Amino acid sequence: MKAELAALITEALEKLVTEGVLGAIPDAPPQIDRPKDASHGDLSCNIAMVLAKRAGLPPRDLATRIIDALPDNTLVDTSHIAGPGFLNFFINAGHHTQVVKAILKTGVGFGCCDEGAGRRVQVEFVSANPTGPLHVGHGRGAAIGDSLSRLLEATGWRVHREFYYNDAGQQINNLALSVQARARGKTPYDPDWPKDGYQGSYIEEVARAFAAGETVEAADRVITGTGDIKDLDAIRDFAVACLRREQDQDLRAFQIVFDEYFLESSLYDSGAVENTVAALRAAGHTYDEEEALWLRTTDFGDDKDRVMRKREGGYTYFVPDVAYHHNKWERGFERVINEQGADHHSTITRVRAGLQGLDAGIPEGWPEYVLHQMVTVMRDGAEVKLSKRAGSYVTLRDLIDWVGCDATRYFLVARAPTSQLTFDVDLALARSNENPVYYIQYAHARCASVMRKAAATAGGLTPEAGLNHLSMLSEPETMALAISLGRFPEVVATAAARLEPHDVANYLRELAADLHSFYNAHKILEAAPETASARLALVAATRQVIANGLGLLGVAAPESM
RNA sequence: GCGGAAUUAGCUCAGCUGGAUAGAGCGUCGGUCUACGAAACCGAAGGUCGCAGGUUCGACUCCUGCAUUCCGCGCCA
């Protein structure tokens with residue numbers, strides 16, 4: 001609807017250009033807003049104020065000229081000039097309700113567009129190292145990353161979901177040593193417990209399984225424990241498989257599916273790391289100093305240069321990081337979006353600097369990043385800091401066990417990633433209007449219930465029949481609901497463009513409120529037949545949009561609760 | 001000290017990339033079930049948008065300082 005109006009206004013501007021009132025029309029399409037105040041119409045435009053100076057006319061005079069130049073159309077009922085020069089448009093009521101037809105016809109596809117045109121985007125998220133169960137921070141990353149992926153798919157992108165992990169570094173070594181110590185019957189309280197060892201009780205389970213010779217099947221590997229507690233390599237392989245399986249289970253419980261698990265070790269095996277170093281050297285961005293090899297990242301906006309190869313010989317972690325992202329580029333992803341915790345903020349400059357240093361024609365702002373802030377968990381009015389199994393942090397599994405997958409996903413994705421999140425367990429558990437996820441799901445179930453009732457009634461009331469009587473829809477609550485339904489495609493497009501899934505959550509809250517208001521104000525099935533069928537069509541359309549929206553968040557849309 | 005994020009109603013948060021009288025939910029107060037789902041609805045009260053400048057027709061939004069909170073700042077990952 002916005003686009004239609006923008007086109008009309010552009011046409012009017014073109015006419016004013018030929019009349020010599022304006023020099024040239026602006027490059028960008030006119031900005032169309034939805035005013036908060038209903039008396040300002042359905043849509044408004046600020047173009048007269050924007051162009052007033054260039055036209056050499058007072059904004060209100062220019063506004064008059066624009067309105068007069070507007071071509072004949074069926075979209076706009078009336079238009080007014082208001083305030084300093086706003087154009088306010090009242091849209092024909094029929095246009096608002098026609099969206100019901102479009103929704104029922106398009107179904108699950110309503111809200112989607114082809115902005116991405118099948119281009120490929122990779123979304124990397126979670127990327128937890130296999131040293132323990134996923135914690136709530138990973139959960140936030142999982143919820144945001146998956147929802148982002150769904151939004152991109154809905155807007156025409158081909159999405160590749162990827163999970164990257166370090167399967168060979170010092171942290172993994174600590175993991176192996178911890179398991180070995182547990183296998184030898186030691187506890188974290190013993191004096192010879194490994195330094196920086198992992199203390200959670202899950203380590204004990206791994207040790208027991210290894211000793212018992214169990215076979216572990218994870219999403220990307222299968223390993224059998226040898227039981228030889230002196231063989232650190234065997235323990236390492238087994239422990240990694242165990243923790244990967246643990247995380248697989250967490251992700252499955254959270255309804256997240258990845259297309260690919262990418263191993264850091266593969267970058268060494270394939271020679272990608274060595275090739276990256278060689279390329280950076282060849283491009284002349286490196287130098288030797290104090291027996292180490294440095295990358296001149298300050299050439300690319302970093303505040304100091306970074307070591308690539310340490311004095312003792314190994315590479316620092318950011319070298320494989322650069323190799324990994326070069327690999328992503330070579331795989332042909334036009335866009336790459338990395339969803340990470342904000343504590344990894346400093347890697348952005350380094351990775352981008354490394355990629356620029358390769359002189360491979362990679363754009364400066366590539367890859368894109370979405371960073372989320374910390375999550376704290378509140379229960380019974382106090383912060384929860386410990387988990388039974390993991391010890392030092394609250395796990396994603398804890399949250400899912402406490403409040404369920406739907407509420408966990410909704411709460412973790414409903415806030416802007418940039419703001420710190422307090423997860424209120426008691427609120428997420430509440431089965432009342434305190435709880436937004438149930439509020440939205442209830443709206444969906446309510447629609448489904450009305451539809452069931454209609455289908456079971458002898459009168460033959462169907463949403464399809466209602467499509468011929470949409471003109472019966474007229475009351476304020478009814479129109480408000482129809483208008484909200486019409487916003488959905490804009491919400492999806494904006495949320496995808498800004499990489500902000502929480503827009504969808506907010507929209508659904510508002511849509512559910514509109515549905516409930518409508519429902520309480522007007523009888524549906526007991527109205528006169530034509531009105532009843534039209535309202536039933538509106539309800540069916542609402543159910544569809546709520547289902548589509550919840551789908552973008554990875555939250556279920558129950559038929560009954 | 002440097003970099004990033006945040007600061008909006010008692011609480012938790014939105015605010016459509018600069019628009020009109022700053023919005024929700026919870027909580028508080030007051031109403032609505034012989035009713036298609038009351039897990040709902042309707043109404044009321046509640047604000048110096050952290051502070052101070054600047055940019056312009058117009059600032060919660062952009063710029064510059066300052067304050068406070070969180071996160072980074074390793075030849076760890």
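Note that the coordinates shown come from a computational prediction; the quantities given were computed from them, not determined experimentally. Below, read A as the first sequence line, B as the second, and so on, with proteins coming before strands; counting in each chain starts at 1.
With salt bridges taken as basic N to acidic carboxylate O contacts below 4.0 Å, none links A:Glu162 and A:Lys328. At a threshold of 4.0 Å, the pair A:Asp514-A:Arg487 does not count as salt-bridged, since none of the basic side-chain nitrogens sits closer than that to a carboxylate oxygen. Under a 4.0 Å N-O distance rule, the pair A:Arg535/A:Glu526 does not qualify as a salt bridge. Residues A:Arg498 and A:Asp503 are paired through a salt bridge, judged by an N-O separation under 4.0 Å between the basic side chain and the carboxylate.
Spacing of P atoms, B:U8 relative to B:G47, comes out at 15 Å, to the nearest Å. The P atoms of B:C71 and B:C76 are separated by 23 Å, rounded to the nearest whole Å. Nucleotides B:C16 and B:A22, compared at atom P, are 15 Å apart to the nearest Å. Look at the C1' atom in both B:U12 and B:G74: the space between them is 37 Å, to the nearest Å. The same atom, P, is picked in B:G30 and in B:C70; the two are 40 Å apart, to the nearest Å. B:U61 and B:G54 have their C1' atoms separated by 15 Å, with the value rounded to a whole Å. Nucleotides B:G25 and B:U21 have their P atoms positioned 22 Å apart, rounded to a whole Å. Separation of the P atoms belonging to B:C26 and B:C66 is 41 Å when rounded to the nearest angstrom.
Note on A:Arg498: every side-chain N or O is 4.0 Å or more away from OP1 and OP2 of B:A14. A close approach under 4.0 Å does not occur between any side-chain nitrogen or oxygen of A:His516 and OP1 or OP2 of B:G25. Phosphate contact (OP1/OP2 of B:C41, side-chain N/O of A:Tyr439, threshold under 4.0 Å): present. At least one side-chain nitrogen or oxygen of A:Gln31 sits closer than 4.0 Å to the OP1 or OP2 atom of B:G19. At B:G3, none of the side-chain N or O atoms of A:Thr349 fall inside 4.0 Å of OP1 or OP2 (strictly under the cut-off).
Taking atom CG of residue A:Leu371 and atom P of nucleotide B:G4, one finds them 13 Å apart after rounding to whole Å. Note: CD1 (A:Ile546) to C1' (B:A40) measures 13 Å, nearest angstrom. Between the CG atom of A:Leu515 and the P atom of B:C36 there is a distance of 16 Å, rounded to whole Å. In this structure, A:Glu477 places its CD atom 14 Å from C1' of B:A40, rounding to the nearest Å. The separation between A:Asp424 atom CG and B:G25 atom P is 18 Å, rounded to whole Å. For the pair A:Arg415 CZ and B:U8 C1', the computed distance is 14 Å after rounding to whole Å. Here B:A14 presents its P atom at 13 Å from CD of A:Glu510, a figure rounded to the nearest Å. Between A:Asp42 atom CG and B:A20 atom P the separation is 17 Å, expressed in whole Å.
Atom CZ of A:Arg65 sits in a sparse spot, with 12 or fewer heavy atoms from other residues, nucleotides or ligands closer than 6.0 Å. Counted within 6.0 Å of NZ on A:Lys53, heavy atoms from surrounding residues, nucleotides or ligands total 12 or fewer; the atom is thus considered open.
Residue contacts for A:His522: at a heavy-atom cut-off of 4.0 Å it reaches a base atom on one of the strands shown. Residue-level contact check: A:Met561 touches the bases, meaning some heavy atom is under 4.0 Å from a base atom. Residue contacts for A:Ala414: at a heavy-atom cut-off of 4.0 Å it reaches no nucleic acid atom on any strand shown. Residue contacts for A:Ser449: at a heavy-atom cut-off of 4.0 Å it reaches a base atom on one of the strands shown. Using a 4.0 Å heavy-atom distance criterion, A:Ala416 is classed as a sugar-phosphate-only contact.
Nucleotide B:U17 carries a syn base; the chi torsion (O4'-C1'-N9-C4 or O4'-C1'-N1-C2) is within 90° of 0. A glycosidic torsion no more than 90° from 0 defines the syn conformation; B:C11 lies beyond that range and is anti.
By the 5.5 angstrom centroid cut-off and the 30-degree plane limit, A:His40 is classified as stacked against the base of B:A20. The aromatic ring of A:Phe86 stacks onto the base of B:A20, its centre lying under 5.5 Å from the centre of the six-membered base ring with the two planes under 30° apart.
Which of B:G19, B:A38, B:G4 sits closest to the side chain of A:Met49 comes down to B:G19. When distances are taken from the side chain of A:Ser419 to each of B:C71, B:G19, B:C13, the shortest belongs to B:C13. Minimum atom distance to the side chain of A:Glu500 is reached by B:G15, of the listed B:G19, B:G15, B:C36. The side chain of A:Tyr438 has B:A39 as its nearest neighbour among B:A39, B:C36, B:A38. Counting only heavy atoms from C-beta on, A:Glu526 has its side chain closest to B:C36 among B:C36, B:G25, B:A5. Considering only the side chain of A:Met374, B:C71 comes nearest among B:C71, B:A20, B:A39.
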In B/S/- notation (B base, S sugar-phosphate only, - none; protein heavy atoms under 4.0 Å), nucleotides 72-77 of chain B written 5' to 3' is SSSBSB

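Below 30°, between 30° and 60°, or above 60°: for A:Tyr261 and A:Phe163 the angle between ring planes is between 30° and 60°, a tilted geometry. Ring orientation note: the planes of A:His522 and A:Phe518 are tilted relative to one another, at an angle of 30° to 60°. Between A:Tyr324 and A:Phe262, the ring-plane angle classifies as tilted under the 30° and 60° cut-offs. Ring-plane geometry between A:Phe423 and A:Phe411 is classed as tilted, the angle between the planes lying from 30 to 60 degrees on a 0 to 90 degree scale.
Residue-to-nucleotide contacts include a donor-acceptor pair under 3.5 Å from the side chain of A:Asn46 to the base of B:G19. Judged by distance alone with a 3.5 Å cut-off, a donor-acceptor contact links the side chain of A:Asn88 to the base of B:A20.
In terms of position on RNA chain B, the residue among A:Thr418 and A:Pro84 whose nearest nucleotide sits closer to the 5' end is A:Thr418.
Among residues two or more places apart in sequence or in another chain, the side chain to side chain donor-acceptor pair (under 3.5 Å) test is passed with A:Ser419 by none.
The distance from the CD1 atom of A:Ile32 to the CD atom of A:Glu490 is 10.5 Å, given to the nearest 0.5 Å.
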Base-pair string, RNA chain B, Watson-Crick plus G-U, cut-off 3.5 Å on both distances, | for inter-strand, is (((((((..((((.....[...)))).(((((.......))))).....(((((..]....))))))))))))....

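A donor-acceptor pair under 3.5 Å links the side-chain atoms of A:Asp424 to the main chain of A:Asp426, judged by distance alone.
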